[in-house]
Amino acid sequence: MIQAILLAAAIVGGVGILIGFFLGFSGEKFKVEVDPREEAILDVLPGNNCGGCGYAGCSGLAAAIVKGEAPVNACPVGGAPVGAKVGDIMGVSAEEGVKKVAFVKCAGTCEKAGQDYVYTGVEDCSAMAFIPGGGAKTCNYGCMGYGSCVKACPFDAIHIVDGIAKVDKEKCKACSKCVAACPRNLIELVPYEAKHLVHCSSKDKGKDVMKACSVGCIGCHLCEKNCQYDAVHVVDNVAYIDQEKCTGCGACAEKCPKKIIL
């Protein structure tokens, strides 16, 4: 009996040793060589794996940078400081990009936006596509306020306040998760230093906008006519500011009758 147990143990042990040897040999034989710069870059990246750079996590970005497929300052979370460190590893200088933050193009709070009915149910903006009128708010272009963007943000930088999404500029890392999550395309990335922004996305005509929201853009063109720098244009009944041309003079905000340029 004891001999049988010892024999079985010896066989199991021998098989284990053979498997271990085979796995070790295979690991060395077929291992994929990793560029040491890739590992070094991965060490300086934030490690949030948010995908804001357009790659599948920080390891994907590190590999792309080493291959020359992505710039050294491609990480929106790390910003210029991380870009500089990655540049040192790659032996190139990192151009300092413009710091950006998410911006919600809507000011239709509970008090200012019209309501067609009272909604109770699943609080998810994407689910509103199956709800009559696309949600309770009269404006079919405004923020629905059900927080799909909030759930998508990995940095706790966006919250629903008084019925609309509000971005905390200091917490926002411009990862674009909220941009992708908004079914109405209300969120875009804008320069952190932007002086004036249009808080509306409605493409309805002026009279229809006023029925739906007390602060909506009515497409009156006054902002466009009073801008000396050709930075403001009304497209599809809503004003848009070209931040590269905008000097921050404030003429558009001063002339806006709805005070929607803030």
Engineer: Is the side chain of Y117 donor-acceptor paired with the backbone N or O of G135 at a distance under 3.5 Å, no angle test?
Structural biologist: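 Between the backbone of G135 and the side chain of Y117 there is a qualifying donor-acceptor contact (under 3.5 Å).
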Engineer: Give the minimum heavy-atom separation between C252 and V232, together with the two atoms involved.
Structural biologist: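 Where C252 meets V232 most closely, the heavy atoms are CB-CG2, 4.1 Å.
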Engineer: Looking at K166, I want to see if its NZ is surrounded by more than 12 non-hydrogen atoms of other residues, nucleotides or ligands under 6.0 Å.
Structural biologist: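 No, because the 6.0 Å sphere around NZ of K166 holds 12 heavy atoms or fewer from other groups.
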Engineer: State, yes or no, whether a side-chain contact exists between V215 and C200 at a heavy-atom distance under 4.5 Å.
Structural biologist: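 With C-beta onward as the side chain, the pair stays apart.
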Engineer: Checking K169 against Y192: charged group under 6.0 Å from the ring centre and within 45 degrees of the axis?
Structural biologist: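 Judged by the rule, K169 and Y192 form a cation-pi pair.
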Engineer: Could you tell me the separation between the CZ atom of F155 and the SG atom of C178, rounded to the nearest 0.5 Å?
Structural biologist: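 Answer rounded to 0.5 Å: 10.5 Å.
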Engineer: For the residue pair L61 and I41, establish whether any side-chain heavy-atom pair is separated by less than 4.5 Å.
Structural biologist: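 No, every pair of side-chain atoms sits at 4.5 Å or beyond.
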Engineer: Mark yes or no for whether D168, through its side chain, and A157, through its backbone, hold a donor-acceptor pair below 3.5 Å.
Structural biologist: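 Not at all, since once roles are kept as given, no pair shorter than 3.5 Å links the two residues.
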Engineer: Minimum heavy-atom separation for C139 and R184, please, with both atom names.
Structural biologist: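 Closest pair (atom of C139, atom of R184, distance): O-NH1, 3.4 Å.
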Engineer: Side chain to side chain contact (heavy atoms under 4.5 Å, CB included), that's the test. Do I158 and V104 meet it? Break it down for me.
Structural biologist: CA-CA 10 Å; I158 188 166; V104 182; 4.2 Å; yes
Engineer: Of the options C217, C220, C223, which is the one that meets P257 in a side-chain contact (heavy atoms from CB on, under 4.5 Å)?
Structural biologist: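 Only one of C217, C220, C223 forms a side-chain contact (heavy atoms from CB on, under 4.5 Å) with P257, namely C220.
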Engineer: Are the side chain of E38 and the backbone N or O of A62 linked by a donor-acceptor pair below 3.5 Å?
Structural biologist: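 Pair absent, no side-chain N/O of E38 close to backbone of A62.
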Engineer: So which heavy atom on L189 is nearest to which on S176, and how close?
Structural biologist: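 Looks like CD1-OG, 3.3 Å.
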Engineer: K177 side chain to C50 main-chain N or O, any donor-acceptor pair under 3.5 Å?
Structural biologist: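 Present.
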Engineer: Before giving the answer on side chain to side chain contact (heavy atoms under 4.5 Å, CB included), spell out for V86 and I65 the whole-Å C-alpha distance, their side-chain angles and the decisive distance to 0.1 Å.
Structural biologist: CA-CA 9 Å; V86 175; I65 291 174; 4.0 Å; yes
Engineer: State, yes or no, whether a side-chain contact exists between H221 and H233 at a heavy-atom distance under 4.5 Å.
Structural biologist: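 No - every pair of side-chain heavy atoms lies 4.5 Å or more apart.
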Engineer: Determine whether V150 and I187 fall in the same hydrophobic cluster, where Ile, Leu, Val, Met, Phe, Trp and Tyr are linked whenever their side-chain heavy atoms lie under 4.5 Å apart.
Structural biologist: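 Result: yes, single cluster for both.
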Engineer: Do D124 and K151 have side-chain heavy atoms sitting under 4.5 Å apart?
Structural biologist: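 A side-chain contact under 4.5 Å exists here.
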Engineer: How long is the straight-line distance from CD1 of I241 back to CG of L197, given to the nearest 0.5 Å?
Structural biologist: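 L197 atom CG to I241 atom CD1 measures 6.5 Å (nearest 0.5 Å).
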Engineer: So do Y119 and M128 actually touch side chain to side chain, heavy atoms under 4.5 Å?
Structural biologist: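 Of all side-chain heavy-atom pairs linking Y119 with M128, at least one is under 4.5 Å.
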Engineer: Could you grab the distance from atom CD1 of I260 to atom NE2 of H199, nearest 0.5 Å is fine?
Structural biologist: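 That separation rounds to 7.0 Å.
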Engineer: Regarding E224 and Y240, is there a side-chain donor-to-acceptor distance under 3.5 Å anywhere?
Structural biologist: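 Per modelled atom types, E224 and Y240 side chains form no pair under 3.5 Å.
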Engineer: Could you pull out the closest heavy-atom pair between C149 and A181, with the gap in Å?
Structural biologist: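 Smallest heavy-atom distance, with atoms named: CA-CB, 4.2 Å.
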Engineer: Would a distance-only check, ignoring hydrogens and angles, find a side-chain to backbone donor-acceptor pair under 3.5 Å from S148 to C125?
Structural biologist: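 Checking the backbone N and O of C125 against the side chain of S148, a donor-acceptor pair under 3.5 Å is found.
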Engineer: Grab the two heavy atoms, one from H196 and one from Q243, that are nearest each other, plus how far apart they are.
Structural biologist: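 Where H196 meets Q243 most closely, the heavy atoms are O-NE2, 2.9 Å.
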Engineer: Would you mind checking if D116 and K137 are paired as a salt bridge, meaning a charged N to carboxylate O distance below 4.0 Å?
Structural biologist: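 No, this pair does not count.
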Engineer: Is the backbone of C58 close enough, under 3.5 Å, to the side chain of N49 for a donor and an acceptor to pair up by distance?
Structural biologist: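 Yes, because the side chain of N49 sits within donor-acceptor range (under 3.5 Å) of the backbone of C58.
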Engineer: Does one hydrophobic cluster hold both F103 and V101, with members joined at side-chain heavy-atom distances below 4.5 Å?
Structural biologist: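 Yes; V101 is reachable from F103 via cluster members.
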Engineer: Is there a side chain to side chain contact (heavy atoms under 4.5 Å, CB included) between T138 and K211? Walk through the geometry before answering.
Structural biologist: CA-CA 8 Å; T138 305; K211 291 178 183 178; 5.8 Å; no
Engineer: To the nearest 0.5 Å, what is the distance between CG on D242 and OH on Y229?
Structural biologist: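 Rounded to the nearest 0.5 Å, the CG-OH separation comes to 14.5 Å.
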Engineer: Determine whether V72 and V66 fall in the same hydrophobic cluster, where Ile, Leu, Val, Met, Phe, Trp and Tyr are linked whenever their side-chain heavy atoms lie under 4.5 Å apart.
Structural biologist: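 Both belong to a single hydrophobic cluster.
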Engineer: Do other residues, nucleotides or ligands put more than 12 heavy atoms under 6.0 Å from K205 NZ?
Structural biologist: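 Atom NZ in K205 is not packed in, count stays at 12 or less.
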Engineer: Consider only side-chain heavy atoms of I, L, V, M, F, W and Y, link residues closer than 4.5 Å, and tell whether V122 and Y146 are in one cluster.
Structural biologist: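 As far as the 4.5 Å side-chain criterion goes, Y146 and V122 are connected within one cluster.
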Engineer: Before giving the answer on side chain to side chain contact (heavy atoms under 4.5 Å, CB included), spell out for D156 and K171 the whole-Å C-alpha distance, their side-chain angles and the decisive distance to 0.1 Å.
Structural biologist: CA-CA 7 Å; D156 191 39; K171 288 185 177 181; 3.3 Å; yes
Engineer: Hey, quick one: are V234 and V209 part of the same hydrophobic cluster, counting side-chain heavy atoms closer than 4.5 Å, chains of contacts allowed?
Structural biologist: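 Shared cluster, no.
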Engineer: Enter the distance from S202:OG to I218:CD1 here, rounded to the nearest 0.5 Å.
Structural biologist: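 Between S202 OG and I218 CD1, I get 11.5 Å after rounding to 0.5 Å.
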Engineer: What is the distance from atom NZ of K99 to atom NZ of K173, rounded to the nearest 0.5 Å?
Structural biologist: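 The distance works out to 7.0 Å.
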Engineer: Which atoms form the tightest heavy-atom contact between C227 and A231, and what is the distance?
Structural biologist: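 Taking every non-hydrogen atom into account, SG-N, 3.3 Å.
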Engineer: Does L222 offer a backbone N or O that forms a donor-acceptor pair with the side chain of N226 under 3.5 Å?
Structural biologist: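 Indeed, once roles are kept as given, a pair shorter than 3.5 Å links the two residues.
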